[in-house]
Amino acid sequence: MLGQSYGGFLATAYLSRAPQGLREVLITAGLPALSGPPDDAYRLTFAQTARRNAEYFARYPMDGATLRDVVAPLRGTEELLPTGEALSVRRLLQVGIQLGGSTGFDGLHHLFEAPFTTVRGERRLRERFLREVGGIVSFAANPLYAVMHETIYAQGEVSGGATAWAAQRVRDSLPEFSPEADRPLLTGEHIFPWQFAEDPALVPLRGAAELLAAKDDFTPLYDPEALAANEVPVAAAIYHDDMFVPRELSLATAESVAGLRKLVTSEYQHNGIRVDGYRI
């Protein structure tokens, strides 16, 4: 079994529940915390996202000014994405999910290179820019990703009950990520409740997402005793600067799985398997 990211969470669950069905397991960027509230994971991912923001704007300093220029009119002028919905500041900031990939800095720099045009004497966002932003922030192609995302941390009492929109709760405690900041930081792999009102692809699923966020009786996903007695060969790649799956939690889990061999490296971002899969 090869599990990348969420697939690593699945692989760890299989090792807990049905190890007899596994010959060997490879995990890349996907060793989950075995217990604890989702807030713990999100505090770490927001911290790493802030570091990636700093690195990105250090590499491309002018992009910080461009982001401020793009955000300012969105607070007073309605700009529509090609799919018809208004582009809010908080939704724009979700392009920061690209910071978690190895080519994300360059992709975002290209996005912010020339975002404006002039329409009847008024400076407006280019259609191409809006189209590219829409392609990044829309969940039309994978709506269940958004609906199910926080449930990967949900383990009932083991994780402190309902997730209750943990990413939004943690973000609210971090003023640097506020959409009202002068130059707010870009966000990462975080799902927020307002997306189910702003993304047309998610609007029909809003009720389901709310029910999942409120559900407090999920069963535990992982069995620490089974993992401590594991006999299945397991190897896991843990990326030191991973923006989506915190290395701190992955390293703790790696020590809890008997016989697990780990590769800890700063050479790759979260998408390492996609850019250098053969070597990994």
Side-chain angles (χ1 to χ4, degrees), residues 3-13 27-49 52 88 90-101 104 134-156 158-174 177 186-222 239 242-246 249-250 253 269-271 274:
Q4 154 69 15
S5 190
Y6 173 58
F9 286 52
L10 297 177
T12 307
I27 295 172
T28 60
L31 266 181
L34 300 183
S35 62
D39 305 56
D40 293 348
Y42 284 126
R43 275 189 283 270
L44 291 168
T45 60
F46 271 110
Q48 183 60 23
T49 302
R52 291 289 286 174
S88 64
R90 58 190 181 182
R91 195 149 179 235
L92 169 71
L93 298 176
Q94 291 187 296
V95 299
I97 194 170
Q98 292 201 328
L99 294 172
I136 296 170
V137 304
S138 172
F139 278 86
N142 48 359
L144 287 182
Y145 177 171
V147 175
M148 299 296 294
H149 179 71
E150 281 203 359
T151 67
I152 68 175
Y153 300 109
Q155 301 194 69
V158 176
S159 57
T163 59
W165 301 112
Q168 184 68 58
R169 184 166 58 250
V170 172
R171 183 183 187 176
D172 289 343
S173 70
L174 302 170
F177 282 99
L186 303 171
T187 55
E189 190 186 34
H190 306 108
I191 302 298
F192 306 108
W194 47 263
Q195 288 176 255
F196 293 85
E198 295 189 18
D199 186 338
L202 299 181
V203 170
L205 300 168
R206 184 175 184 175
E210 293 287 358
L211 287 171
L212 289 171
K215 185 174 171 61
D216 60 5
D217 59 350
F218 281 101
T219 55
L221 293 166
Y222 315 112
Y239 306 137
D242 198 323
M243 202 174 90
F244 299 162
V245 179
L249 302 181
S250 295
T253 296
Q269 293 299 318
H270 187 73
N271 63 335
R274 294 186 177 92

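Keep in mind it's a predicted model, so treat the numbers as computed, not measured. Computation of the quantities below employed the complete heavy-atom set of this structure, encompassing side-chain atoms and omitting hydrogens, waters and symmetry-equivalent molecules.
For Arg169, the salt bridge (Lys or Arg N to Asp or Glu O under 4.0 Å) partners at least two apart in sequence or on another chain are Asp39. Remark: Glu189 pairs with no residue by the salt bridge (Lys or Arg N to Asp or Glu O under 4.0 Å) rule, at least two apart or across chains. Residues passing the side-chain hydrogen bond (donor to acceptor under 3.5 Å, both in side chains) test with Thr45 are His190, sequence neighbours excluded. With sequence neighbours left out, Arg274 forms a salt bridge (Lys or Arg N to Asp or Glu O under 4.0 Å) with no residue at all. Scanning for side-chain hydrogen bond (donor to acceptor under 3.5 Å, both in side chains) contacts around Gln168 gives Asp172, Trp194, with sequence neighbours left out. Annotation: salt bridge (Lys or Arg N to Asp or Glu O under 4.0 Å) contacts of Arg90 (sequence neighbours excluded): Glu198.
Using cut-offs of 30° and 60° on the angle between ring planes, the pair Tyr145 and Phe139 is perpendicular. Ring planes of Tyr153 and Phe9: perpendicular class, angle over 60° (limits at 30 and 60°).
The shortest heavy-atom contact between Ala197 and Arg206 is CB-NH1, 3.7 Å. In terms of heavy atoms, Leu221 sits closest to Ala154 at CD1-O, 4.0 Å. For the residue pair Pro204 and Pro200, the shortest heavy atom distance occurs at CD-O, 3.4 Å. Shown here for Ala41 and Pro246, the closest heavy-atom pair between the two residues is O-CG, 3.8 Å. Considering all non-hydrogen atoms of both residues, Ala162 and Ala214 come closest at CB-O, 3.5 Å. The two residues Gly101 and Arg52 have their closest heavy-atom pair at O-NH2, 3.5 Å.
The shortest side-chain heavy-atom distance between Gln269 and Tyr239 does not fall under the 4.5 Å cut-off. Put simply, the side chain of Thr12 reaches to within 4.5 Å of the side chain of Leu34, judged on heavy atoms. Proximity of Thr151 to Thr163: side-chain heavy atoms (C-beta onward) are nowhere separated by under 4.5 Å. Side-chain contact between His270 and Met243 is absent, with no heavy atoms from C-beta onward closer than 4.5 Å. Side-chain atoms of Leu212 and Met148, non-hydrogen and from C-beta on, do get closer than 4.5 Å to each other. By the 4.5 Å heavy-atom criterion applied to side chains, Arg91 and Asp199 are counted as neighbours.
For Ser173 (side chain) and Val170 (main-chain N/O), a donor-acceptor pair under 3.5 Å exists by modelled atom type. One N or O on the side chain of Thr253 and one on the backbone of Pro32 form a donor-acceptor pair closer than 3.5 Å. A donor-acceptor pair under 3.5 Å is formed between the side chain of Glu150 and the backbone N or O of Ala167.
With rounding to the nearest 0.5 Å, the separation of OG1 in Thr187 from CG in Leu92 is 9.0 Å. The line from OG of Ser88 to CD of Gln94 is 8.0 Å long, rounded to the nearest 0.5 Å. Note that CG of Asp242 is 7.0 Å distant from OG of Ser250, once rounded to the nearest 0.5 Å.
Within a 6.0 Å sphere centred on CZ of Phe192, heavy atoms belonging to other residues, nucleotides or ligands number more than 12.
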*Do Phe244 and Ile97 pass the side chain to side chain contact (heavy atoms under 4.5 Å, CB included) test, and can you show the C-alpha distance, the side-chain angles, and the key distance before you say yes or no?*
CA-CA 9 Å; Phe244 299 162; Ile97 194 170; 3.8 Å; yes
